[in-house]
Every structure is written in structure tokens, then in C-alpha cells.
There are 2 protein chains.
Amino acid sequence: MKHPSARPESSAWANSALGETGLERLAFTLDRHLSVSDQLHSVLRRAIVEVRLLPGTPISENSICRQFSVSRTPVRTAIQRLAEEGLVDVFPQLGSFVAPISLAGLQDSHFIRRSLEVALLREVAPKWTPEMSRAMREAVAEQERVIAGNDPDGFFHADEAFHHLLGTFAGREGVWQAIMAAKVTLTRFHRYWAKPERLPDVIREHLAVVDALDRGDVAGAEQALTTHLDMVFVIFGQMPEDQRRNLSL
Amino acid sequence: MKHPSARPESSAWANSALGETGLERLAFTLDRHLSVSDQLHSVLRRAIVEVRLLPGTPISENSICRQFSVSRTPVRTAIQRLAEEGLVDVFPQLGSFVAPISLAGLQDSHFIRRSLEVALLREVAPKWTPEMSRAMREAVAEQERVIAGNDPDGFFHADEAFHHLLGTFAGREGVWQAIMAAKVTLTRFHRYWAKPERLPDVIREHLAVVDALDRGDVAGAEQALTTHLDMVFVIFGQMPEDQRRNLSL
DNA sequence: CATTTGCGACTTGTATACAAGCATACTAGG
DNA sequence: CCTAGTATGCTTGTATACAAGTCGCAAATG
């Protein structure tokens, strides 16, 4: 057995064959005045979440050392943090690999995210104010602007900002951070298989939530938010077989 | 300024004055065949969660090195993991300290835990079976047995087992693990200020949930679970002022 | 006497060397 | 040709040395 985890033999290995580890694109000059491990953690995390590093890609400590001209210690620190977040699987004496996007993980991630966001919504609804409505509609407007610019990175950011407002309005920033941590797997999936043609629907679904809140229709808002979030499974169902193989299911 | 965090000048410092760091009781011979960092992480985590190490206690890497006769590397690894879990605050060039139990953290921890457990309950209720009922009542019976034996450690374990069943019945083990991670702050609080006289009430509240589920009364079960979990704030309100000072509020 | 300045003992961050295990490729033998 | 054993290069885990920053106390200075 190669190693305990199911590792896709797909393009991840091809990538690692031609380049160093598929990280050669991560050109990033780091500031030696700040913590090296923090910067490495940030760079690697973004690369994994944005699926520029496919699931199963080997993460060689030494390769990263050579690439950034630092010692193994801060690299190890960064990888250990990623492992703690569930983004990297470490197999002693074998290697470290970008964690797979499992169906089970996706379901757990979705369940937690949906439960917590609905709970936030229920807290916010009774205190709903016109200012909140304006702020959320502004966030949606920002999304529309970004769609026009064809900027996927910007859209994900704007989408996150919209949902973040729920946490802000509820006065529970800590809960939002927990949501962010839990929905990482979900985010990776969306980044991996996002369809631009769905973006207008996202806009509509977001507006449906705000409309219901404006009407004071708590149940309707909850329903709208739930169906919006559950769309990920519709998207998943539309994913062709060969695309699924790059995930571990 | 000593360091950026609010550190209580309470018994934590007294402890660190007389002993090494208050860790001298952590007599624990570790197995050199297993990962040293894993074992240290486990030992320290238990000590913090069970509040044998009070909030604010300094965690000196070198002290732990001397105590267990290992190098700083695995000690650092363990502490970094604890920092990632929010159990330790690390201040570069200053020191590492057992994280305070803040009121905000307590509220977030409670909110997440309650939201997720209620969500699990809603999933389980429609598929409720007599076998599930029996399993939960057995868990409660175990708690009653442990109460008689005056074993606080055992009670917390049995209590956790009861709630764990919800995750098991829902078939969402990953969600339960997230709950476990989120409710750490809550657990620390309960361990710090648990009153034996409340234990019979816990039994009753648990049974109320099971009774409602047996009746097919989903709303009632949800209500029972919510009030049970919300009891932590009643307990908090009963805590005398001088006891609160050991927490950072 | 009050203030400041420098020394020393701590802290965490980083660099490097060594130990131990696993997978693969190669070689010798059947 | 096939198989078994070995050698080599990889991986992570651990140990140790050094760098850089912070705090506190003590001594020197105004």
C-alpha cells in the first residue's frame, strides 16, 4: 500500500512530476520582519482553499524550504496548522498531502454551516432594521458589480461578505469565525466546481432572503436561506462523473 | 505592559510561584514508541479542560522539556496545537498562557453547541425508534450510577455520551466532533464551577428530552433540550463575584 | 532622592543535524 | 522470465544551537 489515504492518481501526480510539487506558481516573496510560519500558512491555505493545489497533491517540506529559502521549522509549523484545520493530511514517515474533499466532509460542512447561519438568522430577524436591509442589499449590489467584471475571486469574497453580515448583525463574530472554519470544505468544493451561469441565481436567492426579512416573514427568510444553501447539492448532482473523480468520494 | 492579554493575578500565579509552573502534578510517563508531541498534547489538553491548569497559567516550554525530559520541538508542536484549539494564547517573545474563559467565548461556545445539537435533534426526531429511546435511557441510567459513586470525571463523561448519541443517531459523527471542539470553552466552565446538587436536575432534563421524543413531540423535545442547555446561564448567574474573577470577564 | 540606563534571565522564533520508517528501483539468484 | 532481497532516496519526528525580543532589577547618574 502506498499510504493509508485514498490518493487520486489524477492530475495531482502529473503536476508533481513536471514541476517541483505543483507549488512553483506560488511565487511569493515573504517579509522577513513578520513571522515566516504565519506567512507560509497563509499562502498555502489560500492555495488549497482556492484549489490551485488539488486534493492529494503532496506537500513536501523540503521543497517548500528550497522554494522560499527558509528552514524546515516554520514550514512544519505552517503544515501542522493546516493539518489542524483539516486541509492537509500528515502521514508520518510517508508524507503530507492536500486533504481530499470527501462527500462526508462536504455534508458535515454543509450541515454545520446551514445550522449556524439559520440560527443567526433567527436571532437577527426580530431585531431587523432598515439599516440592515440596506447593508445587505448593498452587499448584493457589490456581487452584481463583480459578476460583470468576471472576477471569480471577487465574487466569492462578496458572497462571503453577504453571509458575514448575518453574524455581524447578531453580534456574534465568534460564531461567524466558527462558520468560516467549518465551511472550508464547502468553499473548496465551490472553488473547484463553480459555474458562472449560476451567479445570477445566487443574487436572486440572496435577495429573496432580504425580501422576506423586510416583510417580517421569519419563516420565509429561513426557508429562502435554507434552499439557497441547499443548492450546493443540486450543483453536486450536476457534476459529471469524471469531475467527481478528482474528489475522493 | 506585561503582555497584551488580561492575565488574572489570582491563584494561577501563586501556583507558579511555589512549583515549577503548576504542572508538577502532571506526573505522566510517556511511551517513547508513540509520538511524543501527541502524548504531550493530550496530557496538556486534559489538564486545561479539566481546569487543573487555571486560566492565565504560564506554559513554559522549557519547564515542560525538563519535566518530561524531551526536547523543545515536540513541546512546541503540542502547544501550537493547543493554541489552534483556542486553549492556549501564545505571545511571541513573551510567553504562552492558558487561555482565559471569557464571557464572550462562553456565549459563542454555547450558541454553536445549542444550534448544532438542536439541528441534530430535528434530524433524529422523525426517525426516532424504540432502540434509540432505550439507548438514551441507558445513558441516563449510567449517569445516575456515576452520581452515586461521587465521580465528577465519570459524570462529565457520561453526560457527553448522552449528547453524543444524538450525533450517532443522526449519522453525523463529523458534526459531533465539531460540537466537541466548539463546546470546549463550555466544558472548561462546567469543570471549573460544577455543583453536585445540580446533577439530579440534569438527569430530569435529559429524561424530559427522551420523553418528548417518545411522544413524537418534536417541538417539546427541542424546547426541553434548549432549556437544558440554557441552564448554563442560570448556573453562571449563581456564581459568586469572587469566583468570576478567576475567569476573565 | 528620582530617573534612567544597562545587564541578565527569561521568553518564543528559526536554523540545522540526526534518527527512524516507508516506497521504489535495482540487482542477484532461481 | 520471475522472484526475493537489498540499497537508496525520500518522508516525518526529534534534538540542539543560535537569534531576537521582553521584563525586571540594580546600579549609575542627574
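Chain identifiers are assigned alphabetically (A, B, ...) following the order of the sequence lines, protein sequences preceding nucleic acid strands; residue numbering begins at 1 within each chain.
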Check your understanding: Is Phe233(B) close to Gln107(B) at the side-chain level, that is, under 4.5 Å between some pair of heavy atoms?
Key -> yes
Review point. Would you say His164(B) and Glu173(B) make side-chain contact, with heavy atoms under 4.5 Å?
Key: yes
Study note, to complete from the structure: Ile64(A) CD1 to dT11(D) P, in whole Å, measures 11 Å
Review point. How close or far is atom P of dC18(D) from atom CD of Glu61(B), stated in whole angstroms?
Key: 18 Å
Check your understanding: With nearest nucleotides of DNA chain D determined for Ser37(B) and Gln93(B) from heavy-atom distances, which residue corresponds to the more 5′ nucleotide?
Key -> Ser37(B)
Check your understanding: Between Ser69(A) and Gly95(B), which has a closest nucleotide on DNA chain C that is more 5'?
Key -> Gly95(B)
Review point. Given that Thr73(A) and Val90(A) both sit by DNA chain D, which one's nearest nucleotide is further toward the 5' end?
Key: Val90(A)
Practice item. Would you indicate, yes or no, if dT16(C) has its OP1 or OP2 atom less than 4.0 angstrom from a side-chain nitrogen or oxygen of Arg76(A)? Key: no
**Study point:** Protein-nucleotide distance (Phe97(A), atom CZ; dT11(D), atom P), rounded to Å
**Key:** 10 Å
Review point. So, do Phe236(A) and Leu106(A) sit near enough that their side-chain heavy atoms are less than 4.5 Å apart?
Key: yes
Review point. How many Å lie between CG on Leu94(A) and C1' on dG9(D), as a whole number?
Key: 14 Å
Revision key, fill the gap. Taken to the nearest whole Å, NE2/His33(A) to C1'/dT14(C) is 15 Å
Review point. Does the side chain of Ser96(B) get closer than 4.0 angstrom to OP1 or OP2 of dT11(C) through an N or O atom?
Key: no
Exercise for review: Drop me the distance from His41(B)'s NE2 to Glu84(B)'s CD, to the nearest 0.5 angstrom.
Suggested key: 11.0 Å
Check your understanding: To the nearest Å, how far apart are Leu34(A) CG and dG21(D) C1'?
Key -> 15 Å
Revision key, fill the gap. When Pro92(A) and Ser71(A) are each assigned the nearest nucleotide of DNA chain C, the 5'-most assignment goes to Ser71(A)
Exercise for review: Using atom CD of Gln80(A) as one end and atom C1' of dT14(D) as the other, report the distance to the nearest whole Å.
Suggested key: 12 Å
Review point. Are Asn62(A) and dC10(D) close enough that a side-chain N or O sits under 4.0 Å from OP1 or OP2?
Key: no
Exercise for review: Grab the CZ-P distance between Phe91(A) and dA23(C) for me, whole Å please.
Suggested key: 12 Å
Point to revise | Any donor-acceptor N/O pair under 3.5 Å between dG13(D) base and Arg72(A) side chain | key: yes
Review point. Which of these, Leu120(B), Leu186(B), Leu166(B), sits in a side-chain contact (heavy atoms from CB on, under 4.5 Å) with Ile179(B)?
Key: Leu120(B)
Point to revise | Contact under 4.0 Å: Thr77(B) side-chain N or O vs dG13(D) OP1/OP2 | key: no
